[in-house]
Amino acid sequence: MVIRVEPNSKQAYNLLHKGILSLARAERQGICIDMKYCERQQKTLSRKIAWAEDQFRKTSFYKDWKTSIRHEPNIYSPQQLGKFLYEVKHIRQTRQTKSGAGAVDEEALESLNIPELQILLSAKKLKKIRDNYLAGFMREAVNGVIHPSFNLHLVKTFRGSANNPNFQNIPKRDKQAKLITRKALIPREGHQLMEADFGSLEVRIAACYHQDTTMIKYIKDESTDMHRDMAQQIFKLSNFDKHNRAHGILRTAAKNGFVFPQFYGDYYLPCAKSLAKWGQLPEGRWNKHDGIDIGGIKLSDHLINQGIKSFNGFVNHIQDIEADFWENRFPVYARWKERWWNAYQRIGQFSMLTGFTCVGEMGKNNAINYPVQGAAFHCLLWSLITLDKFIIDNELQTRIIGQIHDSIVLDIYPPERQIIIDAITDITTRQLLNEFKWIIVPLKIDFEIGEIDGSWADMKEIEN
DNA sequence: GGAACTCGCCAC
DNA sequence: AAACGTGGCGAGTTCC
């Protein structure tokens, strides 16, 4: 299968031409690395990893493993671990990989309830931080600066990508991993790091394609909140308090376990499983004491009271919600998906709003997602080009140092901080809408900034 | 001895 | 019928 994507307009060609020049400037600038910190951290991590490995090797689990194969197993080999668990010990697989082997990823191992494996998992996590990230930074550093490549020619959807090292997958959600890795990335002396990212960019760009009135209202009216509404519907909450911790978790569950997967083309069964996991509900019969606490009552108890008595009942419930989501809440969006898919099937290609044509064999989810992902990235790229020109024209000392799909990362010269914030705000929320007339919803830009001589680990949101 | 593959996991 | 979109990277493993 070959998918050809090409600019079909002068404007689209210019975007790539100018885009790669601006990204080349970011590459040449690079990002400073605290080499001394990296060396210290590597030593600390190595000590912790060695300790965890020691602990693991003392367990009877490990000894049985070693005995079974008559030599030292490689404890980091998924194949060897899978063989021991599923072929020697005959433990029932909870899930399989694509090729049919028993899965041994974190989720699969957790579900086996073997405490010894927790030690192995913790060692693996630390090893990844040390070898994948810190070692990668140090390997790529030249005079204390890394110069990641930012590519525009590798992604099917015409997004960008980054490598050597990959600047776009540095840990952010896991607190420990975030802290250790991002502390290594620092601004130039006397400067500060800043990241400007579009809020819910893909949702907004999708709305430019389907023009669903309900979705546009969610975007335009800041007192509404799609994820909150879905959390209430999914978990049958009669009220919602955004300061309530449990409600916050259920909102995140709705967002990451239902709304986004549905937008990417997922369906109710995996959604129900993911939602149950968020709420810590088992995939079987429920009793009153299952799930997270939602204010004096367990989630399972609450749902049982609402008539959902088991995981199976919950699956049916989510199936109903899925139907309601597309048939009643976002019917225009749903019709656009069908129209778009039918048109693609007739002619074997489609064009993005930014003037790029995709030709080739695609499944339904691909054909629907590519134009959104591509056009959203092009909004970021146009903004980056325009900001770069602003920096050059005004002879500023601030530099763009990278791009992460819907965000721009900068090394800020502190006296220029407000000038840059104002420029980015103007470019992303006004000039961009003037350049791309098809953008029919407002766009939103958020800023995070670090301390002067701080690191990328301690970024704070700024009110704009 | 290296290419190509699998698996797992990090980001948006 | 099908069923989550896009990448990069490291380590282990298999194939030539």
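Note that the coordinates shown come from a computational prediction; the quantities given were computed from them, not determined experimentally. Only this structure's heavy atoms are used, side chains among them; waters, hydrogens and symmetry mates stay out. Residue numbering restarts at 1 for every chain, and letters A, B, ... go by the order of the sequence lines.
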Would you check if there is a donor-acceptor pair between the side chains of A:Y86 and A:H90 at a distance under 3.5 Å?
no
Interatomic distance where CG belongs to A:N132 and C1' belongs to C:dC9 [whole Å]
5 Å
Rounding to an integer number of Å, can you tell me how far A:F167 CZ sits from C:dC9 P?
14 Å
Please classify the nucleic acid contact of A:V104 as base, sugar-phosphate, or nothing, using heavy-atom distances under 4.0 Å.
sugar-phosphate
Looking at the side chain of A:S99, which of B:dC7, C:dC9, C:dT13 is the nearest nucleotide?
B:dC7
Just how far, in rounded Å, is P of C:dC9 from NZ of A:K127?
17 Å
Would you mind reading off the distance between A:L126 atom CG and B:dG8 atom P, rounded to a whole angstrom?
19 Å
d(CD1, A:I404; P, B:dA11) in whole Å
11 Å
Does a side-chain N-to-carboxylate-O contact under 4.0 Å join A:K128 and A:E106?
no
Ignoring hydrogens, what is the shortest heavy-atom contact between A:I146 and A:P165? Give both atom names and the distance.
CD1-CG, 3.9 Å
Of the candidates C:dC4, B:dC9, B:dG8, the side chain of A:T97 sits closest to B:dG8
Whole angstroms only, please: what is the CD1-C1' distance between A:I69 and C:dG12?
14 Å
Sugar-phosphate, base or nothing in reach of A:L154, heavy atoms under 4.0 Å:
sugar-phosphate
Applying a 4.0 Å non-hydrogen cut-off, can you work out what A:Q262 is touching in the nucleic acid: base, sugar-phosphate, or nothing?
nothing
Would you say a side-chain N or O of A:R139 is under 4.0 Å from OP1 or OP2 of C:dG10?
yes
Base, sugar-phosphate or nothing for A:A177? Non-hydrogen atoms, less than 4.0 Å.
nothing
Is any side-chain N of the basic residue among A:E53 and A:K124 closer than 4.0 Å to the acidic one's carboxylate O?
no
Give one of base, sugar-phosphate or nothing for A:Y133, where a contact means two heavy atoms less than 4.0 Å apart.
sugar-phosphate
Closest approach to the side chain of A:Q373, judged atom by atom: which nucleotide of C:dG5, C:dG7, B:dT6 is it?
C:dG5
Looking at every strand, decide which applies to A:D197 at a 4.0 Å heavy-atom threshold: base, sugar-phosphate, or nothing.
nothing
May I ask you to say what A:K172 touches in the nucleic acid, namely base, sugar-phosphate or nothing, with a heavy-atom cut-off under 4.0 Å?
sugar-phosphate
Across the strands shown, which category fits A:P261 at heavy-atom distances under 4.0 angstrom: base, sugar-phosphate, nothing?
base
Please assess A:N163 against A:F150 for the test side chain to side chain contact (heavy atoms under 4.5 Å, CB included), listing each intermediate value before the final yes or no.
CA-CA 7 Å; A:N163 61 346; A:F150 291 98; over 6 Å; no
Regarding A:Q80, tell me which of base, sugar-phosphate or nothing describes its non-hydrogen contacts under 4.0 Å with the strands shown.
sugar-phosphate
Closest to the A:K128 side chain: B:dC9, C:dT6, B:dT6?
B:dC9
Among C:dC9, B:dC12, C:dA3, which nucleotide sits nearest the side chain of A:R159?
B:dC12
Distance only, no hydrogens: is a donor on one side chain within 3.5 Å (strictly under) of an acceptor on the other, for A:Q11 and A:E435?
yes
Between A:K18 and A:D388, is the closest basic N to carboxylate O distance under 4.0 Å?
no
Select one nucleotide: of C:dG12, C:dA3, C:dC9, the one nearest the side-chain heavy atoms of A:Y267.
C:dA3
In whole Å, I'd like the distance from the NZ atom of A:K156 to the C1' atom of C:dG8.
14 Å
Counting any heavy atom closer than 4.0 Å, what does A:N169 reach on the DNA or RNA strands: base, sugar-phosphate only, or nothing?
base
Inter-end axis angle, the helix from B:dG1-C:dC16 to B:dC12-C:dG5, with every axis fitted to five base pairs (rounded, 10 degrees)
0°
Scan A:R130 against the nucleic acid and name what it touches under 4.0 Å (heavy atoms): base, sugar-phosphate only, or nothing.
nothing
Testing A:W340, A:F263, A:Y209 one by one against A:Y333 for a ring pair (Phe, Tyr, Trp, His ring centres under 6.0 Å), which residue passes?
A:F263
Is the base of B:dC10 touched by the side chain of A:R173 through a donor-acceptor pair closer than 3.5 angstrom?
no
Name the nucleic acid region contacted by A:I170, choosing base, sugar-phosphate or nothing; use a 4.0 angstrom heavy-atom cut-off, strictly under.
sugar-phosphate
Please confirm whether the shortest side-chain N or O distance from A:S77 to OP1 or OP2 of C:dT13 is below 4.0 Å.
yes
Nearest whole Å is fine: how far is C:dG12 P from A:I75 CD1?
10 Å
In the structure I gave you, are the side-chain heavy atoms of A:R228 and A:K242 within less than 4.5 Å of one another anywhere?
no
